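Computed from heavy atoms alone, side chains included, the values below leave out hydrogens, waters and symmetry copies. All figures in this text were calculated on a predicted structure; none of them were measured in a lab.
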Amino acid sequence: MSGGFRDTFTKGDTQEEQLGYDDVAFYYFAGSLLTTIAVPWTLAFVRGTLFPSKDGGFDTPLKSKTGSCVRTCKSSTMMNKKGAVSSDGRRLGSCWTIQLVILGFMWLFLLFISVQVGTANKEISRFDPFELLEVTSSSSASDIKKSYRKLSLKWHPDKNPDDPLAASRFIQITKAYAALTDETAKRNYEKYGNPDGPQTSKVGIGLPRFLLEKDNQLIILCVFFFALIFIVPMTFITYYQRTKNYAANGVMTETLYFLGHYIGDATRVKNCPEYLAASAESRGMQTRPTDEPALKTIAQEVVEHKPSQFKHNPVIVKNNLLVWAHMQRLHHLLTPELKADLDELLKHSVKISQAMIEIACMREWFFTAQAMIEFRRSLVQALDVKGSQLLQVPHFNAETLKHCAKGKNAVSGLVDFMKRDAEQRKGMAEMQPDQIADVEAFCAHVSDMELYTKVLVEDENEIVVGDVATLIVQLHRKNLREDEAMGPAHAPFFPVAKYEEWWVFLVEGNPGTRILAYERIRDQERIIEAKLRFQISRPGKYRMELHALCDTYAGLDKKAEITFTAFSQEEVKREVFVHKEDEELDLQPTLFQQFMGDLGQDEESEEEEEDEPSGKRGAGKKDGAKDGGVTKDLVGGDDQGAATSGNDDDDAGTGGGDNSSPSSSDSDSD
C-alpha cells in the first residue's frame with residue numbers, strides 16, 4: 001500500500017488532503033471474503049449436481065442417532081419410488097440456473113482480483129526512504145539531494161492539480177529526504193522506522209479508492225441513506241410479515257384459528273378432508289381453467305361421505321375432490337398438474353394433521369384425537385373412510401379382498417395377515433413371484449409391536465392420594481434385531497418419506513373418555529418408552545385404558561387396561577427418612593444468616609469502639625478492683641450512666657431515682 005500517511009505526515013495542517021493509497025488492500029480483503037463464500041458454495045453446488053439429494057427424505061441414513069442400522073422397505077414399489085425421486089432430483093430447475101449465474105460472477109470477480117493483485121506495482125510495506133527517493137543505501141549525499149529535487153519537482157501538487165495522490169506522494173518524498181539528511185529525523189527513523197518518531201498502530205478495513213474521491217461522495221451518501229432508510233427496514237418488515245403468519249409448529253396461524261373453531265367433540269374422519277382443503281395453506285394454491293374437465297370426471301367418480309360445507313370457494317372444492325380422490329385411489333384420473341397440486345397438499349397435510357391431533361388432545365377429546373390420527377394414516381396409506389386394512393399390502397385390490405374374506409381361514413385384519421405363514425396367507429394364489437416377494441418385504445418391514453405397562457410412584461412402595469403416579473409404557477418392535485432401527489414406512493402413494501409415530505393416550509375408563517395424559521413418540525429404535533404422569537385424586541380402585549395408536553399404518557393400534565388401588569393418607573403412614581448428612585446440613589447457617597451475622601458483628605464492634613472511652617473513665621474510679629469486676633462495673637456503669645443522662649435531659653430532679661432502681665435490682669439479681 002502506497003499511503004496511510006495522512007495522520008502521520010500532516011500534523012497541524014488546516015487543509016488535509018485525501019489519503020494516498022491504492023486498492024491493493026481492498027483486493028486482498030474482497031478476495032478473502034469471496035473465497036470463503038465461493039469455495040464451499042461451489043463444492044456444495046457440484047455435489048448437488050452430480051449427486052442430487054432425494055427430495056422428500058427418501059435418502060435415508062444408514063445409521064440412527066444411537067448407531068443402530070436403519071432398516072428400509074425392500075418392496076419394488078418403494079424402490080421404484082426412490083428411483084423416480086432420484087431422477088426428478090437430477091432435473092435442473094430455475095434455482096440451479098440462478099446459482100450457476102451467481103457463482104459464475106463470483107469466480108469472474110475473483111479472477112479479476114487475482115490479476116489486479118498480481119500486476120500491482122506497489123506492496124504493503126513499511127516506510128522506506130531509499131525506495132521513495134529511488135536511491136540505494138550506498139548513495140552519496142549529493143545523489144540523494146539530486147534525486148530529491150528531481151522527484152519533488154515531478155510530484156509537486158502545483159504541477160499535478162488533477163492527480164489526487166500527488167500531494168501525498170510529495171509529502172512522502174519530503175519525509176524521506178528528511179530521514180536521510182536531518183539528524184533528528186534520521187535518528188527517529190533508525191530507532192522507530194519513522195522520521196516522526198514512535199507512531200500508534202491503526203487497523204481498518206481495506207476500502208476501494210473511489211469511496212474517498214470527492215466527486216463520489218454525494219452518490220455514496222445517497223446510496224448509504226437509501227440502504228439505511230429503505231432497504232434495511234423493508235427487509236425486517238418483510239421478514240416479520242412472513243414469520244407472523246406462521247405458528248411455532250409451522251402451520252399458518254389462520255389455519256390454527258380455523259381448525260380451533262370447527263373441530264369439536266363430534267368431529268370424525270369424514271369431516272377432515274374438507275378441513276384440510278379449507279386450510280390457509282390450501283387456499284393459497286392456484287386454480288386453472290384447464291383443470292375443469294378433469295375435475296368434473298373426478299367429481300363423478302368420487303364418493304364424498306359428507307356433504308360439503310364450503311361450496312362457494314373454487315380452491316376448497318377442488319382440493320377437497322383431490323383429497324377424496326387420493327383416499328379412494330383414483331390417481332389415474334388426475335392430470336400431471338392435478339397430481340402436482342395433490343402432492344403439494346399432502347406435504348402440507350403433515351403439519352396440518354399434526355395440529356388437528358394436538359387441538360383434540362389439548363381439549364381432552366379422545367375419540368376426536370383418535371379420528372384425527374385415523375385421518376392422518378388414511379392420507380399416508382391412501383385409505384378411504386372405513387376402508388380395508390389389507391389395502392396397505394402391495395398389489396392388493398378390491399378383487400383380492402374378496403378372496404381374503406372367503407372361507408374358514410378368512411383374514412380379519414393386517415396383523416392377522418402378517419402373523420400367518422407365507423403359505424397360509426390368502427389372496428396371493430394368483431400373484432407373480434416378484435409380487436409375492438413384495439408382500440413378504442412389506443410384512444417384514446411393518447412393525448410388530450408388543451405393549452408393556454407399569455404403574456408406580458417414584459421412590460415409593462404404595463400409591464397414596466395426592467401422589468403423582470407414573471405410567472411407564474414400553475413398545476417393543478419384535479421384527480427388529482437388537483442393533484436395528486426402523487426406516488421410512490411403506491407408503492407408495494405419499495409424496496414424502498413418512499416415519500412411524502406412536503401416540504400414547506391414558507383415558508378414563510367407561511363411561512368417561514377424557515384424556516388424562518398423552519405422549520407423542522417419534523423414536524425409531526427397537527424399544528421405545530414413554531412416561532405418562534397423572535395425579536391421584538381419590539382413594540380406591542382405579543380402572544383406566546391405555547391406547548397406543550400408530551399414525552402411519554392402520555390396524556397396528558394397541559390397547560391395555562390399567563388397574564391399581566390407591567390408599568388414603570391415613571391408611572399408609574410414610575416415614576420420612578432424613579440422611580445424617582442432610583441433618584448436619586440443616587444445622588449450617590444459610591447464606592442470609594451468614595450475611596446478617598457478619599453485619600451484626602460489625603455493628604457490635606462499632607458500638608464497643610464508641611463505648612471504650614467512657615469505660616476507661618469508669619475504670620479509673622475503681623481502685624484495686626479485679627479484671628472481672630472491672631468488666632462488670634463497666635457494663636453496669638455504662639447502662640446506668642446512659643439512663644441517668646437521658647433522665648437529666650428530660651427532668652433532672654425526679655426521674656433519675658425511679659429509672660435507675662430497676663437497673664440496680666436487675667444488676668443485683670444478675
Could you work out, with side chain to side chain donor-acceptor pair (under 3.5 Å) as the rule, every residue matching Glu501, not counting sequence neighbours?
Arg520
Over 60° means perpendicular and under 30° means parallel, so classify the ring planes of Phe366 and Phe505, tilted if in between.
perpendicular
Contacts satisfying side-chain hydrogen bond (donor to acceptor under 3.5 Å, both in side chains) that involve residues 422-433 (not counting sequence neighbours) are Arg425-Glu440
Side-chain (Glu508) to main-chain (Met544) donor-acceptor, under 3.5 angstrom:
no
Salt bridge (charged side-chain N to carboxylate O under 4.0 Å, His left out) contacts in which one or both residues fall within residues 351-368, not counting sequence neighbours
Glu364-Arg514
Pairs in or reaching into residues 369-381: which pass side-chain hydrogen bond (donor to acceptor under 3.5 Å, both in side chains), with residues at least two apart or in two chains?
Ser353-Arg376, Arg376-Asp551, Arg377-Asp557
Polar contact flag, side-chain donor to acceptor under 3.5 angstrom, Thr267-Asn271:
no
Pairwise ring pair (Phe, Tyr, Trp, His ring centres under 6.0 Å) hits with a residue in residues 331-360, at least two apart:
His326-His331, His331-Phe493
Could you tell me which residues satisfy side chain to side chain donor-acceptor pair (under 3.5 Å) with His305, sequence neighbours excluded, listed by chain and number?
Asp384
Plane angle bin for Phe310 and Tyr262 - parallel if under 30°, tilted between 30 and 60°, otherwise perpendicular
perpendicular
Do the side chain of Ser447 and the main chain of Met449 share a donor and acceptor less than 3.5 angstrom apart?
no
Tell me which pairs pass ring pair (Phe, Tyr, Trp, His ring centres under 6.0 Å) where either residue lies in residues 399-451, with sequence neighbours left out.
Phe396-Phe417, Phe442-His490
Applying side chain to side chain donor-acceptor pair (under 3.5 Å) to Asp523 and not counting sequence neighbours gives none
Can you sort out the partners of Glu254 under side chain to side chain donor-acceptor pair (under 3.5 Å), two or more places apart, ordered by chain and number?
Arg283
Thr297: which residues meet the side chain to side chain contact (heavy atoms under 4.5 Å, CB included) condition with it, sequence neighbours left out?
Leu333
Quiz: residues 231-239 side-chain donor-acceptor pairs under 3.5 angstrom, not counting sequence neighbours:
residue: Thr235; atom: OG1; partner: Ile231; partner atom: O; Å: 2.7
residue: Thr238; atom: OG1; partner: Met234; partner atom: O; Å: 2.7

Test side chain to side chain contact (heavy atoms under 4.5 Å, CB included) applied to Ser308 - qualifying residues, sequence neighbours left out:
Glu274, Glu304, Lys311, Asn320
